[in-house]
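Naming: A, B, ... by sequence-line order, numbering from 1 per chain.
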Amino acid sequence: MVPSVTYNLIWSVIRRIPKGRVSTYGRVADICGLIGQSRLVGYALHALPRDTKVPWYRVINAQGRISFPERSEAYRVQKRFLESERITFKQGKIDLTRFGWPPDAEVRRRRT
DNA sequence: AACGTGACAAGGC
DNA sequence: AGCCTTGCCACGT
């Protein structure tokens, strides 16, 4: 698959998420200038090759949760990656005020 | 070419 | 808290 310019942009932003921090689909979209297009970020992640170096596991949803079914293998893999970077879960959620990146991210603006 | 579906998010109730 | 609806857009049928 030939990644589009947009996917490359999204991936490059995800590559900038520091180790030990997480971002959200919405924040990544905002940084890319793609306001409101969080789903596109999810789609770009889905399109990543399996052997990628892009830290896909540092992207979670706005509720601070991993966006895979809790039972799935993917969920466990992602959680293990995050915990290996000393990110902690409380009731299955990550505290974005503590681990979120960028740290000064504003609450996403409401659509019109 | 319409239609349904997503690793989403926010509002309303 | 949880469910439903809407906005968004790329893809596969």
Side-chain angles (χ1 to χ4, degrees):
Chain A
M1 165 239 176
V2 183
S4 67
V5 178
T6 304
Y7 283 9
N8 280 311
L9 173 59
I10 291 170
W11 295 343
S12 72
V13 167
I14 294 172
R15 264 192 289 264
R16 304 211 275 280
I17 304 173
K19 186 177 180 186
R21 313 297 297 276
V22 293
S23 195
T24 70
Y25 301 89
R27 287 183 185 181
V28 172
D30 286 353
I31 292 168
C32 291
L34 302 166
I35 309 295
Q37 298 184 95
S38 46
R39 302 199 72 142
L40 190 52
V41 174
Y43 212 92
L45 283 174
H46 199 227
L48 280 169
R50 292 176 88 268
D51 60 359
T52 183
K53 295 185 182 72
V54 176
W56 56 270
Y57 52 86
R58 292 180 187 146
V59 183
I60 60 176
N61 66 32
Q63 285 71 49
R65 299 179 164 284
I66 289 174
S67 283
F68 284 119
E70 278 193 39
R71 288 199 185 36
S72 66
E73 184 61 22
Y75 180 98
R76 286 188 285 272
V77 170
Q78 183 168 8
K79 188 173 185 191
R80 190 160 50 72
F81 267 118
L82 293 172
E83 288 176 331
S84 78
E85 296 188 351
R86 309 188 152 273
I87 290 169
T88 57
F89 288 74
K90 292 185 293 202
Q91 270 82 37
K93 292 178 60 173
I94 293 170
D95 183 358
L96 286 172
T97 65
R98 181 170 165 198
F99 296 107
W101 178 90
D104 56 351
E106 299 175 6
V107 175
R108 304 189 66 261
R109 185 173 302 285
R110 184 162 60 94
R111 291 180 305 289
T112 49

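Of the possible polar contacts, one joining the A:Gln78 side chain to the A:Val59 backbone as a donor-acceptor pair under 3.5 Å is found. In this structure, the side chain of A:Thr52 does not engage the main chain of A:Pro49 through any donor-acceptor pair within 3.5 Å. Side-chain atoms of A:Arg21 never come within 3.5 Å of backbone atoms of A:Trp101 as a donor-acceptor pair (strictly under, hydrogens ignored). Distance alone, capped at 3.5 Å, places no donor-acceptor pair between the A:Gln37 side chain and the A:Ala29 backbone.
If you take CD of A:Gln91 and P of C:dA1, they are 11 Å apart, rounded to a whole angstrom. Taking atom CD1 of A:Ile66 as the reference point, atom P of B:dA9 lies 14 Å away to the nearest angstrom. Rounded to a whole Å, the CD atom of A:Gln63 is 12 Å from the P atom of C:dG2.
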- request: Evaluate salt bridge (Lys or Arg N to Asp or Glu O under 4.0 Å) for A:Arg76 paired with A:Glu73, printing each intermediate quantity in order.
  value: CA-CA 5 Å; A:Arg76 286 188 285 272; A:Glu73 184 61 22; 3.0 Å; yes
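Exactly one residue among A:Arg58, A:Arg80, A:Lys19 makes a salt bridge (Lys or Arg N to Asp or Glu O under 4.0 Å) with A:Glu85. That residue is A:Arg58.
Comparing the P positions of B:dG4 and C:dT5 gives an interatomic distance of 15 Å, to the nearest angstrom. Comparing C:dG7 with B:dA7, their P atoms sit 22 Å apart, to the nearest whole Å.
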What N/O pairs connect the protein and nucleotides 5-7 of chain B at under 3.5 Å? Give each pair on its own line.
from  : atom 1 : to      : atom 2 : distance (Å)
B:dG6 : N9     : A:Arg39 : NH2    : 2.9
B:dG6 : N7     : A:Arg39 : NH2    : 2.8
B:dA7 : O4'    : A:Ser67 : O      : 3.1
B:dA7 : N3     : A:Tyr25 : OH     : 3.0

